[in-house]
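Structure first, then comments.
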Amino acid sequence: MTFIEELKLRGLLQDMIPGTEEFIENNEVKGYIGYDPTAPSLTIGNLVTIMMLVHLQRHGKTPVVLFGGATGRVGDPSGKDAERKLLPEDVIEANLANQVGQFKRLLNFEDGHNKAITVNNYDWFKNIGFIEFLRDAGKHLTINYMMSKESVKRRIETGLSFTEFSYQLLQGYDFYHLYENHGVNLQLGGSDQWGNITTGTELVRRKSGGEVYAAVCPLLTKADGSKFGKSEGGNVWLDPKMTSPYKFYQFFMNAADADVEKMLKIFSLRPIEEILEIIEQHNADPGRRYGQKILAEDATILVHGEEELQKAQDATSLLFGKGTAETLMKLDEETLLSIFDGVPTFHISKTELSAGINIIELLATNTSILSSKGEARREIKGNAISINKTKVTKEDHQVTNADLLNNKYMLVQKGKKNYNLLIAE
RNA sequence: GGGGAGAUUCCAGAGUGGCCAAAUGGGGCAGACUGUAAAUCUGUUGGUUGAUACCUUCGAAGGUUCGAAUCCUUCUCUCCCCA
């Protein structure tokens with residue numbers, strides 16, 4: 001199976017430059033994707049395009065990760081309705097350092113003829129002066145060409161700064177630089193990058209007369225039309241400190257039936273035939289959530305590893321299985337802590353607790369599980385609060401040392417899926 | 001440079017002196033149902049409060065008034081038309 005065939009079967013191919021498939025099969029290929037370090041961590045949205053690099057490497061080609069140390073300072077108008085805020089430079093540097101570590105888990109940077117490499121476009125842009133850039137890059141492309149890009153057209157009515165307008169030229173120059181200096185001849189990415197990518201291939205063609213190719217994957221959407229990659233109240237990050245492995249696992253467990261196939265093809269490295277078989281089994285009895293389980297397993301191993309998966313599964317089986325107040329009571333401290341690793345924790349004083357704390361105070365004042373007393377009251381009225389898996393129904397409920405598990409911990413739950421661990425000391 | 005329209009609670013968008021913490025829709029959160037689903041239904045969605053009530057909020061700052069999101073003044077920003 002060719003690389004492009006693999007992408008197609010996995011729903012990771014939206015568009016490519018004619019001839020890309022033949023070229024990849026018959027040449028030494030180095031393919032790159034650019035990531036702008038505008039957040040401290042990569043997200044599962046980024047993971048989609050990273051999977052393209054993973055497959056590229058598995059097909060014996062060299063993946064190149066380009067960090068937009070320079071372009072991230074400018075802001076990409078693609079897919080954005082409004083001008084972006086510029087980030088302070090030290091924030092960009094910190095983000096970049098963190099993201100480098102995340103890639104190390106996903107691609108092989110260590111050995112083989114096709115080990116992955118990273119580059120940072122700040123390294124070449126920092127030495128190029130504005131005049132030089134205008135003569136060297138700007139001269140080769142017309143305004144008419146740049147204006148015809150969808151990302152620019154969409155913003156022409158509402159406004160677009162010269163800075164963001166120039167973004168495609170910077171990104172295009174990346175490709176040219178990588179082609180000239182690193183022999184990079186393929187660019188991958190999300191379909192929102194198609195305009196920027198073709199600017200790059202155009203620039204290489206005009207400046208170097210070189211032969212370069214590109215392919216993009218579709219933007220991942222959910223069956224119900226909502227945005228992919230967000231869960232309760234935010235992004236799903238790859239950084240375990242920002243999205244715990246447990247939450248990460250749960251995100252995939254909660255995938256809609258209609259999305260399971262699509263997501264398995266993207267986030268699982270199992271052969272495509274096996275995935276189709278899994279889907280068949282899943283569809284026979286969707287209520288078992290077989291597809292979601294495999295999906296969550298594979299994705300969690302990929303990003304966080306076996307050990308974290310095990311913990312996430314332990315927590316899941318306790319919290320969503322037949323987990324009752326009694327089983328919770330029976331857990332020893334070590335098991336308890338490992339299961340709730342990654343669940344938000346709060347500390348309270350044992351002396352204070354021994355006197356008894358009103359449940360509303362506890363939720364809104366002693367901890368920030370809920371943001372106000374009014375909200376705490378509403379949630380209790382709405383039957384949403386549980387302590388140690390037992391519903392709290394009265395607003396004047398007092399919590400005491402007697403509620404502690406192992407004389408130290410308390411499990412406070414809002415709704416079905418939001419857990420908090422209180423530690424009394 | 002000239003003329004016009006506008007800025008409302010997370011978003012969209014009503015409200016043009018007291019009945020406005022502010023309609024309605026979306027989104028969020030929760031409950032029921034269920035498969036930790038989808039769809040549906042219900043509740044809730046500024047803060048303190050048992051409730052009355054009070055406090056902060058309708059671009060910013062002043063002012064008029066017993067009383068202002070609503071009227072006046074100045075300022076900031078956005079959009080549209082003409083040059």
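Since the model is a prediction, treat every value here as computed from it, not as a measurement. The sequence lines fix the lettering, A, B, ..., with proteins before strands; numbering per chain opens at 1.
Separating the C1' atom of B:G50 from that of B:C33 is a span of 33 Å, rounded to the nearest Å. The gap from the C1' atom of B:A60 to that of B:A69 amounts to 15 Å, rounded to the nearest Å. If you take atom C1' in B:G46 and the same atom in B:C41, they sit 28 Å apart, rounded to whole Å. Nucleotides B:A14 and B:A23 have their P atoms positioned 14 Å apart, rounded to a whole Å.
Contacts with RNA chain B (heavy atom under 4.0 Å) in residues 367-386 of chain A: A:Ser372, A:Lys373, A:Gly374, A:Arg377, A:Arg378, A:Glu379, A:Gly382, A:Asn383, A:Ala384, listed by number. Near RNA chain B, meaning a heavy atom under 4.0 Å from it, residues 285-293 of chain A has A:Pro286, A:Gly287, A:Arg289, A:Gln292 in order of number.
Nucleotide B:U76 has B:A7 as its partner under the Watson-Crick or G-U criteria, with both atom distances under 3.5 Å.
For A:Phe267, the ring pair (Phe, Tyr, Trp, His ring centres under 6.0 Å) partners two or more places apart in sequence, or in a different chain, are A:Phe252. Applying the ring pair (Phe, Tyr, Trp, His ring centres under 6.0 Å) criterion to A:Tyr145, with sequence neighbours excluded, gives no partner residue. Checked against side-chain hydrogen bond (donor to acceptor under 3.5 Å, both in side chains), A:Ser368 has no partners two or more places apart in sequence or in another chain. The side chain to side chain contact (heavy atoms under 4.5 Å, CB included) test applied to A:Gln281 returns A:Tyr290, not counting sequence neighbours. In this structure, A:Glu379 has no side-chain hydrogen bond (donor to acceptor under 3.5 Å, both in side chains) partners at least two apart in sequence or on a different chain.
A donor-acceptor contact under 3.5 Å is formed by the side chain of A:Lys416 with the base of B:U34.
In terms of phosphate contacts, A:Asn418 brings no side-chain nitrogen or oxygen within less than 4.0 Å of OP1 or OP2 of B:C29.
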N/O donor-acceptor pairs under 3.5 Å from side chains in residues 348-355 of chain A, not counting sequence neighbours:
unit_1   : atom_1 : unit_2   : atom_2 : d
A:Ser349 : OG     : A:Thr351 : N      : 3.4
A:Ser349 : OG     : A:Thr351 : OG1    : 3.2
A:Ser349 : OG     : A:Glu352 : N      : 3.0
A:Lys350 : NZ     : A:Asn407 : O      : 2.9
A:Glu352 : OE2    : A:Asn366 : ND2    : 3.3
A:Ser354 : OG     : A:Thr351 : O      : 2.6

Side-chain atoms of residues 268-279 of chain A: list all donor-acceptor pairs with protein atoms under 3.5 Å, sequence neighbours left out, distances to 0.1 Å.
unit_1   : atom_1 : unit_2   : atom_2 : d
A:Ser268 : OG     : A:Arg270 : N      : 3.1
A:Ser268 : OG     : A:Asp298 : OD2    : 2.7
A:Arg270 : NE     : A:Asp298 : OD2    : 2.6
A:Arg270 : NH1    : A:Glu274 : OE2    : 2.8
A:Arg270 : NH2    : A:Asp298 : OD1    : 3.0

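At the heavy-atom level, A:Gln250 lies under 4.0 Å from base atoms of the strands shown.
For the residue pair A:Ala214 and A:Thr20, the shortest heavy atom distance occurs at O-OG1, 3.5 Å.
Atoms CE (A:Met253) and P (B:A38) sit 13 Å apart, rounded to a whole Å.
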